[in-house]
J.: 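Encoded as structure tokens, here's the structure I'll be asking about.
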Amino acid sequence: MWCSNVMNIENVWMITFESRNVRKFGGLGEVPPNLSKALIKKGINAKVITPSHGKIAYFIKEGHAKPIVSTVFNDKKITVYEVNSIDPPHIIVSGNLLEEQLIYGSSLWDKIILFTKGIEAYAKKMKEIGIFPDIIHCNDWHSIPSMVLLKLFYETEDIYPVFIYHIHLLSKLKIDQVFLSKMNIPFDKKIKIYYNGSKYEASISDILSLSHGLLERFAGLISDYLVTVSKHYLFDVLGYIGWDLEEKAGVIYNATDWSYHKTLMEVLGKHTGLSDLLNKDLKSNRYLLRKYFEKNALDNIPENEPIIPDKEIKDRIKYVETYPFKGSGKIYGFRDVGPLAIMSGRITSQKGYDLLIRSLENLLFKVSNAKIVLFPIPVSGSWPMLDLLIKSSILYYENLRVIPGYSSYLYKLAHVAADVYIAPSRYEPFGIMILEAMASGTPVVASRTGGLAETILDIREYGVLGTGLHIRPGSVKELSRALSDLLLFMESGYYKPFSNKWNKIVSSIENEELSTLLVKNPEAPWKIRDSCIRRASEFSWYRSAEQTIKIYHEGLENVKKRI
């Protein structure tokens, strides 16, 4: 029997359907590679295992991809490559549907099956040469089939790695025998699990029954340890999958590698004309960056941007040419300059884009010169919501701009130019985008939910040590009020304290705690920017790696209890 030593964790396989080094869609693509890099710095050999999503051809062309093993499943060839030229090293599963660039398209289920069978082939190949993982770290529901097949394979060989199941966002999908039969998983095959303080040898069919058909509960039962991304979201997770799994559940916080100086240098690298505008005064820098972004950069998006992976949405966007749109996702800049708020993320109900649109009328009544710039990432079936954003931008052409897809030319510039970041999520497990905003010195208006409730320090409670304002999830009224107040609060920093203009701005702030804070400390907006940068630095991948290693040790103890 082979089992890792608790003090000597050497090999980690980080399974994920997204990676920033190959192709990513959302926050999931940030965590596995960044966490693996941090683990490597701590002396652990971590590899990210991910689908190609059409990227392997690039690595082959550059001479960086080494084929490891090939297999065939349902007449489809799958090839697994090792790519060590990127940091961290990646194992990329390629072939057939795995070469579709759209990560979450109509063939998602079939891609997951091929990905799973590729990982199984890789594990068998590694066993032939005597390489075994100490930890198999499975990220989100796409990795659950891999976890099942690998556990079946290794236990048959009397090998017992630690299986970690990492929930970044609950899918709330169902699981049944049809789901498992597509990968030829035997229902009567028994595996060892640790559950509710005891060890069991149960068949896949029995575990399926105990899961009540909940996919994430099924994964929690099979895994040796279950983790998610914040304490608030762990409460939600256990409330859904069952508190009987609490004993083997914990938290690994997400993090960011953004820093203000690094981001600013990247912006200057893309916008070389800005270097003559900037000086050592942060106040002047932020104002000039904002002016440049609103009037110049928005008006000059490069020819190859924005990048919109979804072909249907890309084709629809191409012909939108009503002002302020130029066609193909290009836009006109604003005609004048004003307080700037930005928002980004997938176009889903979760993110609350519709809540922001509904708040605009009241917001603009309070702050008529406000500028709102959205960076929505289209997903399959998101056209109705994107259409709403486009029509709203046409209606509020003096105040609202929408850049669908990805624009490296604008994205980080927007963060160091903005006065406020908006996150009206209905729910949010963690919210890496909040750390990116705060690392850029930009305070946040966000729903008090999930990780947002933990990362953001409310200015009304913490004063100049605060980093934003919390609102009730789903409340349009609170969103409008908090956003208008924080925009005005930050705008006051550009004016001489107690001047007529400054007094007018402060008197327009509805929340008395915020206006009082300004009267007592007119430099509060700039102190809060500093607090944002400091708060973001507290969520580093180094600290996340420390939490991860502790979880690995606890998972190993559970392995010892089940075998």
J.: By the definition side-chain contact (heavy atoms from CB on, under 4.5 Å), identify the one residue from I78, L97, I49 that meets it with F115.
T.: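 In the set I78, L97, I49, the residue that makes a side-chain contact (heavy atoms from CB on, under 4.5 Å) with F115 is I49.
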J.: Sort out for me which residue in Y165, W109, F17 forms a ring pair (Phe, Tyr, Trp, His ring centres under 6.0 Å) with W141.
T.: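 It is W109, the one option of Y165, W109, F17 that forms the ring pair (Phe, Tyr, Trp, His ring centres under 6.0 Å) with W141.
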J.: Is NZ or CZ of K61 both nearer than 6.0 Å to the six-membered ring centre of Y58 and within 45° of the ring axis?
T.: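 Not flagged: K61 not positioned over aromatic ring of Y58.
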J.: Carefully, step by step, assess Y122 and W13 under the rule ring-ring contact (aromatic ring centres under 6.0 Å, His included).
T.: CA-CA 11 Å; Y122 175 73; W13 290 2; 5.0 Å; yes
J.: Looking only at heavy atoms, what is the nearest atom pair of D140 and H168, with distance?
T.: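 Taking D140 first and H168 second, the nearest heavy atoms are OD1-N, 2.7 Å.
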J.: Would you say K111 and H142 are linked by a side-chain donor-acceptor pair, where the criterion is simply a distance under 3.5 Å?
T.: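 Side-chain D/A pair, H142 to K111: absent.
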J.: In the structure I gave you, are the side-chain heavy atoms of I252 and H166 within less than 4.5 Å of one another anywhere?
T.: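 Of all side-chain heavy-atom pairs linking H166 with I252, at least one is under 4.5 Å.
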J.: Are E18 and K24 close enough, and set up right, to give a salt bridge (charged side-chain N to carboxylate O under 4.0 Å, His left out), and what steps lead you there?
T.: CA-CA 5 Å; E18 299 178 36; K24 62 162 280 189; over 6 Å; no
J.: Between Y552 and H137 (judged by ring centroids, cut-off 6.0 Å), do the two rings come close enough to count as a pair?
T.: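 Yes, they do, as the ring centres are separated by less than 6.0 Å.
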J.: What is the minimum heavy-atom distance between H90 and S19, and which atoms define it?
T.: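 Heavy atoms only, the tightest pair is NE2-OG, 2.7 Å.
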J.: Is any NZ, NE, NH1 or NH2 atom of the basic residue among D299 and K326 found under 4.0 Å from an Asp or Glu carboxylate oxygen of the other?
T.: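 Salt bridge present between D299 and K326.
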J.: Is any NZ, NE, NH1 or NH2 atom of the basic residue among R426 and D354 found under 4.0 Å from an Asp or Glu carboxylate oxygen of the other?
T.: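 So R426 pairs with D354 through a salt bridge.
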J.: Run the side chain to side chain contact (heavy atoms under 4.5 Å, CB included) test on M438 and V444 for me, step by step, so that the C-alpha distance in whole Å, both residues' side-chain angles and the decisive distance to 0.1 Å come before the verdict.
T.: CA-CA 7 Å; M438 291 194 298; V444 184; 4.1 Å; yes
J.: Is the closest side-chain donor-acceptor distance between S70 and T79 under 3.5 Å?
T.: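 Result is yes, a qualifying pair exists.
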J.: Are S408 and E305 close enough that a side-chain donor and a side-chain acceptor fall under 3.5 Å?
T.: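 There is such a pair (donor and acceptor under 3.5 Å, judged by atom type) between the side chains of S408 and E305.
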J.: Is there a side-chain contact between L214 and I175 (heavy atoms, below 4.5 Å)?
T.: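 No, too far: nothing below the 4.5 Å cut-off.
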J.: Inspect the contact between K550 and E546 and indicate whether a charged nitrogen and a carboxylate oxygen are less than 4.0 angstrom apart.
T.: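 No.
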J.: Where do V373 and E294 land on the side chain to side chain contact (heavy atoms under 4.5 Å, CB included) test, with the steps shown first?
T.: CA-CA 9 Å; V373 179; E294 292 180 355; 6.0 Å; no
J.: Would you say that more than 12 heavy atoms from the other residues, nucleotides or ligands in this model lie under 6.0 Å from the NZ of K66, or not?
T.: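 Check fails, neighbour count at 12 or below.
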J.: Does the side chain of E454 pick up a donor-acceptor pair with the side chain of Y253 at under 3.5 Å?
T.: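 Looking only at side-chain atoms, Y253 and E454 do form a donor-acceptor pair, the distance falling under 3.5 Å.
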J.: Between E216 and S171, is the side chain to side chain donor-acceptor pair (under 3.5 Å) condition met? List the steps.
T.: CA-CA 8 Å; E216 274 101 358; S171 72; 2.8 Å; yes
J.: Does K270 qualify as a cation-pi partner of Y409, given the criterion of NZ or CZ under 6.0 Å from the six-membered ring centre and within 45 degrees of its axis?
T.: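 No, K270 does not lie over the aromatic ring of Y409.
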J.: Could you tell me whether K55 and E99 make a salt bridge, using a distance below 4.0 angstrom between a side-chain N and a carboxylate O?
T.: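 No, no charged N to carboxylate O under 4.0 Å.
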J.: Are L226 and I241 packed together at the side-chain level, in the sense that at least one heavy-atom pair is separated by less than 4.5 angstrom?
T.: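 In short, these two side chains touch, coming nearer than 4.5 Å.
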J.: Regarding K47 and E82, does a basic nitrogen lie under 4.0 Å from an acidic carboxylate oxygen?
T.: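 Looking at E82 together with K47, the answer is yes, because their closest N to O distance falls below 4.0 Å.
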J.: I'd like to know if the side chain of S447 reaches the main chain of I471, judged simply by a donor and an acceptor atom lying under 3.5 Å from each other, with no hydrogens or angles considered.
T.: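 Here the side-chain-to-backbone pair does not exist.
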J.: Is R401 positioned over the aromatic face of F334, cation under 6.0 angstrom from the ring centre and no more than 45 degrees off axis?
T.: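 Judged by the rule (NZ or CZ under 6.0 Å from the ring centre, within 45° of its axis), R401 counts as positioned above F334.
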J.: How long is the straight-line distance from OG1 of T455 back to CD1 of I432, given to the nearest 0.5 Å?
T.: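 It is 11.0 Å, given to the nearest 0.5 Å.
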J.: Do other residues, nucleotides or ligands put more than 12 heavy atoms under 6.0 Å from Y240 OH?
T.: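 Atom OH in Y240 is packed in, count exceeds 12.
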J.: Is it the case that K412 places NZ or CZ above or below the six-membered ring of W258, under 6.0 angstrom from the centre and within 45 degrees of the axis?
T.: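 Pair K412/W258 counts as cation-pi.
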J.: Exactly one of L150, I136, D224 should register a side-chain contact (heavy atoms from CB on, under 4.5 Å) with P161. Which one does?
T.: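 The single option meeting the side-chain contact (heavy atoms from CB on, under 4.5 Å) with P161 is I136.
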J.: Once rounded to the nearest 0.5 Å, what's the spacing between atom NZ of K318 and atom OG of S328?
T.: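 Separation between the atoms: 6.0 Å.
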J.: Should S146 and K151 count as side-chain neighbours, where that means a heavy-atom distance under 4.5 Å?
T.: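 No, side chains not in contact.
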J.: Could you give me the CA-CA distance, side-chain angles and deciding distance for V148 and I222, then say whether side chain to side chain contact (heavy atoms under 4.5 Å, CB included) is met?
T.: CA-CA 8 Å; V148 177; I222 287 179; 3.8 Å; yes
J.: Would you please indicate if the ring centroids of Y225 and H553 are separated by under 6.0 Å?
T.: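 When the ring centroids of Y225 and H553 are compared, they turn out to be at least 6.0 Å apart.
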J.: Do the charged groups of D236 and K231 touch, with an N to O distance under 4.0 Å?
T.: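 Salt bridge absent between D236 and K231.
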J.: Decide yes or no on side chain to side chain donor-acceptor pair (under 3.5 Å) for Y421 and S344, but give the supporting numbers first.
T.: CA-CA 9 Å; Y421 185 93; S344 61; 2.6 Å; yes
J.: Do you know the tightest heavy-atom contact between L479 and P424?
T.: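 Between these two residues, the closest heavy atoms are CD2-CB, 3.9 Å.
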J.: Can you find a pair of side-chain heavy atoms, one from T50 and one from I15, that are under 4.5 Å apart?
T.: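 Of all side-chain heavy-atom pairs linking I15 with T50, none is under 4.5 Å.
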J.: Does K37 make a cation-pi contact with Y542, if we ask for NZ or CZ under 6.0 Å from the ring centre and within 45° of the axis?
T.: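 No, cation not above the ring by the 6.0 Å, 45° rule.
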J.: Specify the closest pair of heavy atoms between I56 and S94, including all atoms of both residues, with the distance to one decimal.
T.: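 For I56 and S94, the tightest heavy-atom pair comes out as CG2-CB, 3.8 Å.
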J.: Shortest non-hydrogen contact from H232 to A453?
T.: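 Minimum heavy-atom separation between H232 and A453: NE2-CB, 3.8 Å.
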J.: Just checking Y81 against F59, ring centres under 6.0 Å apart?
T.: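 Ring-ring flag for Y81/F59: false, centres at least 6.0 Å apart.
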J.: Under the criterion salt bridge (charged side-chain N to carboxylate O under 4.0 Å, His left out), I'd like the reasoning laid out for D419 against R529: C-alpha separation, chi angles, the key distance, then a yes or no.
T.: CA-CA 9 Å; D419 298 299; R529 289 194 188 277; 3.1 Å; yes
J.: Taking it one step at a time, do Y104 and F25 satisfy ring-ring contact (aromatic ring centres under 6.0 Å, His included)?
T.: CA-CA 9 Å; Y104 302 111; F25 178 71; 5.6 Å; yes
J.: Are H261 and E266 close enough, and set up right, to give a side chain to side chain contact (heavy atoms under 4.5 Å, CB included), and what steps lead you there?
T.: CA-CA 9 Å; H261 178 75; E266 288 182 33; over 6 Å; no
J.: What are the two closest non-hydrogen atoms of N139 and L28, and how far apart are they?
T.: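 Closest approach of N139 to L28: CB-CD1, 4.0 Å.
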J.: Hydrogens and angles aside, do S537 and R534 bring a side-chain donor and acceptor to less than 3.5 Å of each other?
T.: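 No, no side-chain donor-acceptor contact under 3.5 Å.
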J.: What's the spacing between L400 CG and K371 NZ if we round to 0.5 Å?
T.: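 Reported to 0.5 Å precision, the distance equals 10.5 Å.
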J.: Please work out which of the three classes, parallel, tilted or perpendicular, describes the rings of F375 and F293, given edges at 30° and 60°.
T.: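 Because their plane-to-plane angle lies in the 30° to 60° range, the rings of F293 and F375 count as tilted.
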J.: Show your reasoning for whether salt bridge (charged side-chain N to carboxylate O under 4.0 Å, His left out) applies to K314 and D310.
T.: CA-CA 6 Å; K314 183 178 181 179; D310 189 293; over 6 Å; no
J.: How long is the gap from CG on L356 to OG on S392, to the nearest 0.5 Å?
T.: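 Answer rounded to 0.5 Å: 9.0 Å.
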J.: Less than 4.5 Å apart, any side-chain heavy atom of L221 and any of S211?
T.: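 When only atoms from C-beta onward are counted, S211 and L221 do touch, with a gap below 4.5 Å.
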